[in-house]
*Asks:* 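Okay, here's the structure, questions in a sec.
Proteins come first, then strands; the chains are lettered A, B, ... in the order of their sequence lines, and each starts at number 1. Note that these values count all heavy atoms, side chains included, but never hydrogens, waters or copies made by symmetry. This is a predicted model, so every value here is computed, not measured.
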Number of protein chains: 2
Amino acid sequence: MENAVDTRTDGPENRQYLGLRDGISARISAGDLKPGDKLPSERQLQSEFGLARGTIREALFLLEAEGAIFRRDRSGWYVSPPPVVYDPTRWEGFMSYVEAQGRVPATHTIRTETLPADPLLSEVFSRPLGAPLHHIRRLRSVDGRAVLVEKLIVDAAITPDLLDFDLNTSLTAILKRKFGITVARNQISMQPCALTGNEAVDLKQKSGLPGLALQRVSYDGHGRVVEYDHEYWRHDAVQINVDLRVR
Amino acid sequence: MENAVDTRTDGPENRQYLGLRDGISARISAGDLKPGDKLPSERQLQSEFGLARGTIREALFLLEAEGAIFRRDRSGWYVSPPPVVYDPTRWEGFMSYVEAQGRVPATHTIRTETLPADPLLSEVFSRPLGAPLHHIRRLRSVDGRAVLVEKLIVDAAITPDLLDFDLNTSLTAILKRKFGITVARNQISMQPCALTGNEAVDLKQKSGLPGLALQRVSYDGHGRVVEYDHEYWRHDAVQINVDLRVR
DNA sequence: TAGTCATCATGGTCTAGACCAATTGCAGAT
DNA sequence: ATCTGCAATTGGTCTAGACCATGATGACTA
């Protein structure tokens, strides 16, 4: 960081945090800072640019919102790696499609339990109230960075001993090999959101990080609901690609 | 705002902006504040809760990220309306699907021009370099609030006098009725993003507002590229629903 | 060698101001 | 009634501190 960037735009447009953003942004584009690199600390930037810490942070927040950098709590700011591409129509599981993009996927199972169906889930699965359902909460990472939290619900009636298998591998593969279940149709809903509460905690992020919430209902060839899934992605970790015939 | 909320959680978890967020959030859930209502000014909240303005703003930013409130520059903070649902597989145009949800859509054409194809666009449209393409930039609103900026590109060879029509109506309808063109397939890519630069300006938002960027390539029945579209949505204005057969 | 613990650096939270720029609302003029 | 322009209000930007909570580090211990 020896070459200080001139952040003075010196016009009616004198928003200093924009200048600082452009400066850091330029260093990233130029390759001075590469994905995974640590930025100077806020206090270093402060003395380097002669700005108050609040202004420095404003610029960092903006870069974070743009997906250019991310933070590790009380460790520092880092340059973001590129996002992974996710095509819901070619669903072969997280592990395989992340690997196919030359990245290293990992899955950590946070909790599993079998619970009786509440009214909503009873409706979704077309099963009686109280029917047993497997709940699985997993954290998934790319290249060592946690990128999404997943809450999976599967009908225990058709996958009785599912929780006995190693859930840190591909669930798709388990369903196919152990239970002969394949997915034929997905109904997907997604919204940009803020990651808060448990999701923020599991991703080790401050509450409020932008994210993408995705809900999926998966059906097998007979129209039976196989899986009900809630995913919470970091906003900077994913790009969705789909190819659709219009109805 | 007569019943002041007690924001003191008074524990190890004493992050006052979280308490304030919960307080405002509760008022919205309870119906004390309805969509479109204006919140008290930051300085009023300041004296009401006895917090520094920075802390008040922290809470407001969080609520904004959650999609609960939005701001109008130097006017105030307002409670967000519910998002519109958008199904890319049932594309009948913005106007009709927003209306179908009981909302009032509007379109404002910002600029139109016909430009020669650059290398990228030449590739996308499978047309020679320099072939004429219509560029259309539009701003679309729901219930009077600008929710998305759209940059459309259409092959001028198959829609010669397109720009002479009223582009504040449905483009889908114009393509169908005037040129006999219908869309059979869409290739869609989307990422959560930050709205900056021109997009932020057109939406009258401060740079950095979370958004959803969506690119679409539309093909007709012969596999010909009909339309190349870039959309930038406010994050709190849209929910995507798709129903997919898995390949 | 492996584990423990104190220390330090870092981001997270908060205060208490200041001034600026755009919007809004009102008073007055036409 | 409509327009104009001023003044107040509001959010936007910025400063200069303070203290806290957690992660990282390195020295020390078992």
*Asks:* Within the distance-only criterion (no hydrogens, no angle test), does the side chain of A:S80 pair as donor or acceptor with the backbone N or O of A:G67 below 3.5 angstrom?
*Replies:* yes
*Asks:* Calculate the interatomic distance between B:L45 atom CG and D:dT10 atom P; express it in whole Å.
*Replies:*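 In whole Å, D:dT10 P lies 11 Å from B:L45 CG.
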*Asks:* May I have the distance from A:L39 (atom CG) to C:dG11 (atom P), rounded to whole angstrom?
*Replies:* 9 Å
*Asks:* Just the rounded figure in Å: distance from P of C:dG11 to CD of A:E58.
*Replies:*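 That distance rounds to 16 Å.
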*Asks:* With no hydrogens and no angle check, do the side chains of B:T107 and B:N168 hold a donor and an acceptor under 3.5 Å apart?
*Replies:*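 Checked: B:T107/B:N168 side chains show no N/O donor-acceptor pair below 3.5 Å.
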*Asks:* If each of B:R43 and B:A52 is mapped to the nucleotide of DNA chain C with the nearest heavy atom, which maps nearer the 5' terminus, i.e. the 5' end?
*Replies:* B:A52
*Asks:* Hey, are B:E64 and B:W77 close enough side-chain-wise for a donor-acceptor pair under 3.5 Å?
*Replies:* no
*Asks:* Tell me which nucleotide among C:dT13, D:dT10, C:dG12 gets nearest to the side chain of B:K38.
*Replies:*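 Among C:dT13, D:dT10, C:dG12, the one nearest the side chain of B:K38 is D:dT10.
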*Asks:* In whole angstrom, what separates B:R72's CZ from D:dG11's P?
*Replies:* 12 Å
*Asks:* B:Y78 OH to C:dT24 C1': how many Å, rounded?
*Replies:* 9 Å
*Asks:* Enter the distance from A:L139:CG to A:E199:CD here, rounded to the nearest 0.5 Å.
*Replies:* 11.0 Å
*Asks:* Taking only N and O in the side chain of A:Q16, is any of them less than 4.0 Å away from OP1 or OP2 of D:dC14?
*Replies:*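 Yes, such a contact exists.
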*Asks:* From the options C:dA21, C:dA16, C:dT13, select the nucleotide whose nearest atom is closest to the side chain of B:R74.
*Replies:* C:dA21
*Asks:* I want to confirm an ordering. Mapping A:D73 and A:G54 to their closest nucleotides on DNA chain D, which one lands closer to the 5' end?
*Replies:*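 Checking each residue's closest nucleotide, the 5'-ward one belongs to A:G54.
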*Asks:* Rounding to an integer number of Å, can you tell me how far A:K206 NZ sits from C:dT10 P?
*Replies:*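 About 19 Å, once rounded to whole Å.
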*Asks:* Between C:dG12, D:dT15, D:dG12, which nucleotide has the shortest distance from any of its atoms to the side chain of A:R57?
*Replies:* C:dG12
*Asks:* Whole angstrom is fine here: how far is it from CD1 in B:I69 over to P in D:dG11?
*Replies:* 10 Å
*Asks:* Which listed nucleotide (C:dC14, D:dG12, D:dT15) is nearest to the side chain of B:T55?
*Replies:*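 Minimum distance to the B:T55 side chain belongs to C:dC14.
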*Asks:* Can a side chain N or O of A:R15 be found less than 4.0 Å away from OP1 or OP2 on D:dT13?
*Replies:*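 Answer is yes, contact under 4.0 Å.
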*Asks:* Can you tell me if A:Y17 touches the phosphate of D:dC14, counting only side-chain N or O atoms and a distance under 4.0 Å to OP1 or OP2?
*Replies:* no
*Asks:* Send over the distance from A:L209 CG to C:dG12 C1', rounded to a whole Å.
*Replies:*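 Between C1' of C:dG12 and CG of A:L209: 15 Å.
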*Asks:* Using only heavy-atom distances, determine whether the side chains of B:T196 and A:E66 contain a donor-acceptor pair under 3.5 Å.
*Replies:*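 B:T196 vs A:E66: no donor-acceptor pair found between side chains.
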*Asks:* For a quick check of understanding: with a heavy-atom distance under 4.0 Å over all strands, which category does A:R53 fall into, base, sugar-phosphate or nothing?
*Replies:* base
